[in-house]
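Only a predicted model underlies this, so the values are computations on that prediction, with no experimental measurement involved. In what follows, chains carry the letters A, B, and so on, assigned in the order in which the sequence lines appear, proteins first and then strands, with residues in each chain numbered from 1.
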Protein chains: 2
Amino acid sequence: MSSNQINCQSCSISRLCLPVMLADSEIEHLDSIIKRRKPYHKDDVLFRYGEPLESLYAVRSGCLKTYTLDADGVEQITGFYLPGEIIGLDGIGEGKHQSFAKALDTSLICALPYNKLDLLAGQIPGLRSQLLKIMSHEIQEDKTLFLLLNKKNAEQRVAAFIINLSKRYANRGLASHCFQLPMTQVDIANYLGMAVETISRLLKKLQKLELIQIKQKEVTILDMAQLSQYAGTSCHIHS
Amino acid sequence: MSSNQINCQSCSISRLCLPVMLADSEIEHLDSIIKRRKPYHKDDVLFRYGEPLESLYAVRSGCLKTYTLDADGVEQITGFYLPGEIIGLDGIGEGKHQSFAKALDTSLICALPYNKLDLLAGQIPGLRSQLLKIMSHEIQEDKTLFLLLNKKNAEQRVAAFIINLSKRYANRGLASHCFQLPMTQVDIANYLGMAVETISRLLKKLQKLELIQIKQKEVTILDMAQLSQYAGTSCHIHS
DNA sequence: CGATAGCTTGAGTCTTATCAACGTATGTGG
DNA sequence: CCACATACGTTGATAAGACTCAAGCTATCG
């Protein structure tokens, strides 16, 4: 079966994606507007800053990053995207992409033409609702990230970054205690607003403390409980 | 005329809010679900973390902050909201508020019952579209803030914070070169992830450079061009 | 008028960036 | 299949930016 014949019903991450809670007939309708593209390869660009927003993109497999360029043309990474996540939501407001998107790995992508998706959202209440939920989640995660970067020190950021990846893999039914880092340390440093040297030192420190283990790009979490504590427990309900 | 009789048609910030591009009849429909509450006063709490999300809230006048509490119960400010802005979007995904919201000033608020709004969004394409745009804008602004905090030093953050406020006032047709800071320096420090002392010193520095002037809570921007340059020009289109 | 929250100022310290140099993978073409 | 080039990661020394602590000042409100 070629990748073009995969549909939402058979997609392993559909429960994280738009089809959540849709009836079969509705999923078929959604399915009919989705364009499944050829695989993207490492460093392939999905879209560029300023381009008209034709589609949102759902990641089916692989990993991508989004980034802008600063005044000096230096890349500023704004997010990493795993299977089941939707890329391009920040462009809806302006009708133009607000960032670049590039594959970090060989990745399968579903393109969701926005005009059609918007129309369909008018016809299928469950789809409208799910689209709003996905956007709300992104806002929520951005705020969590904001707190992470704003209030935590370098050690906590690195620990929290690893935990975050682990949880996202877990949500996808993938191994969450042992996984490949899809991005380089340079990318992590860029994303977390730190120097590469600091990332390297802190990853080494976490290894010495026997909280994690790293072999090349493979991370193994040895003590999730302590790692979480290390990351500084997250923000919660109080009075 | 009591504040309860104000409607979207007569609201001065409706063009920033949900009614954008709706027909009169549609606006009336929207208007009918909106509850206009008594004024909130300084330190009144609009909603709390974890409460069921019954309504989104549109600010009509005044200023509010949203915040979470960290593990030690310390306030972590996640946003400031001016007239025309919508509060509570991050709670849609979970159906529960993901933060606390508190008035910084006497504020007039429109409550938008979410269930009704969602239904109405199904009936009025322009409303659905505008809701998505507003959420998209919030995502975009969160990403901009992320870059600000992640890549810029303390001076640039403070300068960018003032410019951001100024632009938001300008959008609302309010004086943008001279305005009241609705929040304390403690709040600004918290929001920007800095010590109050640093905020104080840097505001003083910007005054010495004659880029801004501060009298009590009143900020006057003396040289916007240089202030912008100082803040580090923002992220843009490149190859 | 006094109490309190908010702001200012200075001195010392610590975290993290920067710079420089070196080590280790990876992959390409000969 | 090896050798080289290049990207990626490590390590150490130094420096700067921002925090912390301490103390004093100034609005504001009851």
### Query
Going through the checks in order, is the side chain to side chain donor-acceptor pair (under 3.5 Å) test met by B/Thr78 and B/Thr66?
CA-CA 6 Å; B/Thr78 53; B/Thr66 52; 2.9 Å; yes

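- Side chains of B/Leu203 and B/Ile199 form a contact here, defined as non-hydrogen atoms less than 4.5 Å apart.
- With salt bridges taken as basic N to acidic carboxylate O contacts below 4.0 Å, none links A/Glu54 and A/Lys96.
- Running 5' to 3' along DNA chain C, contacts with non-hydrogen atoms of chain B at under 4.0 Å begin and end at C/dG6 to C/dA11.
- At a threshold of 4.5 Å between non-hydrogen side-chain atoms, the residues A/Phe100 and A/Leu69 count as touching.
- Using a 4.5 Å heavy-atom threshold, the side chains of B/Leu82 and B/Val59 count as separate.
- For the pair B/Gln226/B/Glu210, no side-chain contact is recorded, criterion being any heavy-atom separation below 4.5 Å from C-beta on.
- A/Ile221 has its side chain within reach of A/Phe179: a pair of non-hydrogen atoms, C-beta onward, lies under 4.5 Å apart.
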#### Entry: Per-nucleotide protein contact string for nucleotides 24-30 of chain D, where B marks a base within reach and S marks sugar-phosphate only (heavy atoms under 4.0 Å, - for neither)
---S---

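- A salt bridge links B/Lys65 with B/Asp187: the distance from a Lys NZ or Arg NE/NH1/NH2 to an Asp or Glu carboxylate oxygen falls below 4.0 Å.
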Which pairs, protein N/O on one side and nucleotides 19-22 of chain D N/O on the other, fall under 3.5 Å?
residue: D/dC19; atom: OP1; partner: B/Ala195; partner atom: N; Å: 3.1
residue: D/dC19; atom: OP2; partner: B/Ala195; partner atom: N; Å: 3.3
residue: D/dC19; atom: OP2; partner: B/Thr198; partner atom: OG1; Å: 2.3
residue: D/dT20; atom: O4; partner: B/Arg201; partner atom: NH2; Å: 3.2
residue: D/dC21; atom: N4; partner: B/Glu197; partner atom: OE2; Å: 2.9

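- Under the 4.0 Å criterion applied to side-chain N and carboxylate O atoms, B/Lys151 and A/Asp70 are not assigned as salt-bridge partners.
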